[in-house]
2 protein chains.
Amino acid sequence: MTLSTAFMDTGHDHANCMESALDRASALCGERGVRLTPLRRRVLELVWVGHKPLGAYEILDTLKAERRGAAPPTVYRALDFLLQHGLVHRIESLNSFVGCPDPLKPHGGQFLICRSCGLTAELNDHRIDQAIRNSANQAGFAVGRPMIEIEGLCPYCRDAGEGSP
Amino acid sequence: MTLSTAFMDTGHDHANCMESALDRASALCGERGVRLTPLRRRVLELVWVGHKPLGAYEILDTLKAERRGAAPPTVYRALDFLLQHGLVHRIESLNSFVGCPDPLKPHGGQFLICRSCGLTAELNDHRIDQAIRNSANQAGFAVGRPMIEIEGLCPYCRDAGEGSP
DNA sequence: CTAAAAATGTTACAATATAACATTATAGAC
DNA sequence: GTCTATAATGTTATATTGTAACATTTTTAG
């Protein structure tokens, strides 16, 4: 089977991946007339350090080493801003945050989350969305924001036999 | 449009609904040789008081009035048991718990959650599940437990114009 | 330059969840 | 029935996650 681009190749150029995410964020904020301040940019950078969701207090630990007086509101306010502008997603099942590779169109997230290594990929499959809307409509429900978090094994851990050793 | 059975009719016989849920739970525990103790049964009952997710500390508040020395572990342990046996689901986006109407076959939940009144319905639409598995397979991901929580408006609140007054 | 607004700093605390160990209740062996 | 191992619950303390409220600083707009 051919892998889609959902999961990053293990050896992908992450420096470039991260830089382009920050550039997109910068452009988006410019267009919207909102400010990607150094703090917000730094928090976004930290979230993009890996393709793995990061907890607010993990981010805080790093910030504390860099800024005097970083405290929970410091990071939660930055995250609120980034969430509002679709630059990060919150992973509800992990109380964690992950960078959004495509912040332009607002969307509830479809996430594949590896239970072994934490690697997380964001899908945006219209067929899933459509299946959900069909089913919700049948129930008379007006869909707002669908959230999909699928726990399982990423291609690398699956092939390594993780999860059933 | 005809409503499916996903959302309870406003006037449904909830006493019966709840009683049958408890009976199913009792039978299931009997078959599995595990004990639905008075405490566990009571917690399940509380979760079934409505078709709305309930927080652990809301349950605890009620328990405290009934048992001397009820504490967080009291309710979390009961909930762990109920979760393990599929008798309740955890709603990740609300840090809350809701009774499962069909505990026999294990399944990740598909939930429609009303942002206005909290009413929650559990779907189990094979087409949604299939769409997810197709997409995940394409990404080389081994699906474990899919979790779907869809925020929106239930039929009653939607018709009442809630959410856009 | 100055006033208003936005962002951040700071302190305190709320809400959710778990660890660790003591005690009580239950089931099964005998 | 009694004893013992196991399961369940009680109890205390604490960890983790997230917010409220107000002070200060920075930025923008006039």
Side-chain angles (χ1 to χ4, degrees), chain A residues 25-26 29-47 52-85 87-98 118 147 149, chain B residues 25-26 28-47 52-85 87-98 118 149:
Chain A
S26 192
C29 288
E31 284 162 22
R32 295 189 187 170
V34 296
R35 295 164 54 203
L36 189 62
T37 62
L39 173 61
R40 290 166 176 172
R41 186 185 175 84
R42 180 62 179 138
V43 169
L44 182 57
E45 207 169 58
L46 291 174
V47 164
K52 303 184 183 184
L54 214 56
Y57 280 74
E58 292 180 277
I59 296 168
L60 180 55
D61 286 344
T62 303
L63 282 186
K64 271 182 183 164
E66 301 173 354
R67 311 170 71 91
R68 84 135 218 271
T74 310
V75 56
Y76 279 106
R77 284 193 288 225
L79 287 171
D80 283 347
F81 172 87
L82 298 170
L83 285 167
Q84 264 169 30
H85 292 284
L87 296 166
V88 306
H89 289 284
R90 178 185 167 81
I91 305 296
E92 300 290 346
S93 58
L94 298 176
N95 294 336
S96 293
F97 303 85
V98 70
M147 241 195 335
E149 297 179 8
Chain B
S26 191
L28 179 151
C29 288
E31 284 163 20
R32 296 188 186 170
V34 296
R35 294 164 55 204
L36 189 63
T37 62
L39 173 61
R40 290 166 176 173
R41 185 184 176 85
R42 180 62 179 138
V43 169
L44 182 57
E45 208 169 58
L46 291 173
V47 164
K52 303 183 182 186
L54 215 54
Y57 280 74
E58 293 180 276
I59 295 167
L60 179 55
D61 286 343
T62 303
L63 282 185
K64 272 180 181 163
E66 301 172 354
R67 310 170 71 90
R68 85 134 219 272
T74 310
V75 56
Y76 280 105
R77 284 193 289 225
L79 286 170
D80 282 347
F81 172 88
L82 297 171
L83 285 167
Q84 265 170 30
H85 293 284
L87 296 166
V88 305
H89 289 285
R90 179 184 167 82
I91 305 296
E92 299 290 345
S93 58
L94 299 175
N95 293 337
S96 295
F97 303 85
V98 70
E149 299 179 8

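Keep in mind that the numbers below use all heavy atoms, side chains included, and drop hydrogens, waters and symmetry copies.
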Which heavy-atom pair separates [X] from [Y] by the least distance, and what is that distance?
X       : Y        : result
B/Cys29 : B/Leu87  : SG-CD1, 4.2 Å
A/Ala25 : A/Leu44  : CB-CD2, 3.4 Å
A/Leu94 : A/Pro53  : CD1-CG, 4.0 Å
A/Glu92 : A/Met147 : CG-SD, 3.1 Å
A/Leu54 : A/Leu46  : CD2-O, 3.4 Å
B/Phe81 : B/Leu36  : CE2-CD1, 4.3 Å

Go through the steps to decide whether A/Glu58 and A/Thr62 satisfy the test side chain to side chain contact (heavy atoms under 4.5 Å, CB included), and finish with yes or no. CA-CA 7 Å; A/Glu58 292 180 277; A/Thr62 303; over 6 Å; no
With a 4.5 Å cut-off on side-chain heavy atoms, are [Y] and [X] touching?
X       : Y       : value
A/Ser26 : A/Arg41 : yes
B/Leu63 : B/Thr74 : yes
B/Leu82 : B/Val43 : yes

Separation of [X] atom [atom1] from [N] atom [atom2], in whole Å?
X       : N      : atom1 : atom2 : result
B/Leu36 : C/dA25 : CG    : C1'   : 16 Å
B/Arg68 : D/dT9  : CZ    : P     : 14 Å
A/Lys64 : C/dT8  : NZ    : P     : 18 Å
A/Gln84 : C/dA6  : CD    : P     : 12 Å
A/Leu60 : C/dT11 : CG    : P     : 14 Å

Which residues in residues 37-47 of chain A have at least one heavy atom lying under 4.0 Å from any atom of DNA chain C?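 Contacts with DNA chain C under 4.0 Å: A/Thr37, A/Leu39, A/Arg40.
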On DNA chain D, check which nucleotide each of B/Val34 and B/Ala71 is closest to and give me the residue with the more 5' one.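 First, find each residue's nearest nucleotide; the 5'-ward one identifies B/Val34.
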Return the set of residues passing side-chain hydrogen bond (donor to acceptor under 3.5 Å, both in side chains) with B/Asn95 (not counting sequence neighbours), or none when no residue passes.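 side-chain hydrogen bond (donor to acceptor under 3.5 Å, both in side chains) list for B/Asn95, sorted by chain: B/Arg90.
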Under the side-chain hydrogen bond (donor to acceptor under 3.5 Å, both in side chains) rule, collect the residues that match up with B/Glu45, sequence neighbours excluded.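 B/Arg42.
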Please enumerate all protein N or O atoms sitting under 3.5 Å from an N or O of nucleotides 21-23 of chain C, with distances to 0.1 Å.
none

Evaluation steps, side chain to side chain contact (heavy atoms under 4.5 Å, CB included), between A/Leu79 and A/Ile59: CA-CA 10 Å; A/Leu79 287 171; A/Ile59 296 168; 4.2 Å; yes
Taking only N/O atoms, report every protein-nucleotides 25-29 of chain D pair under 3.5 Å with atom names and distance.
none

With a cut-off of less than 4.0 Å, is there a side-chain N or O of B/Arg67 near OP1 or OP2 of D/dG10?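 Yes, within the criterion.
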Would you tabulate the pairs of protein nitrogen or oxygen atoms and nucleotide nitrogen or oxygen atoms of nucleotides 13-19 of chain C closer than 3.5 angstrom?
residue: C/dA17; atom: OP1; partner: B/Arg90; partner atom: NH1; Å: 2.8
residue: C/dA17; atom: OP1; partner: B/Arg90; partner atom: NH2; Å: 2.4
residue: C/dA17; atom: OP2; partner: B/Tyr76; partner atom: OH; Å: 2.7
residue: C/dA17; atom: O5'; partner: B/Tyr76; partner atom: OH; Å: 3.2
residue: C/dA17; atom: N7; partner: B/Tyr57; partner atom: OH; Å: 2.5
residue: C/dA17; atom: N6; partner: B/Tyr57; partner atom: OH; Å: 3.4

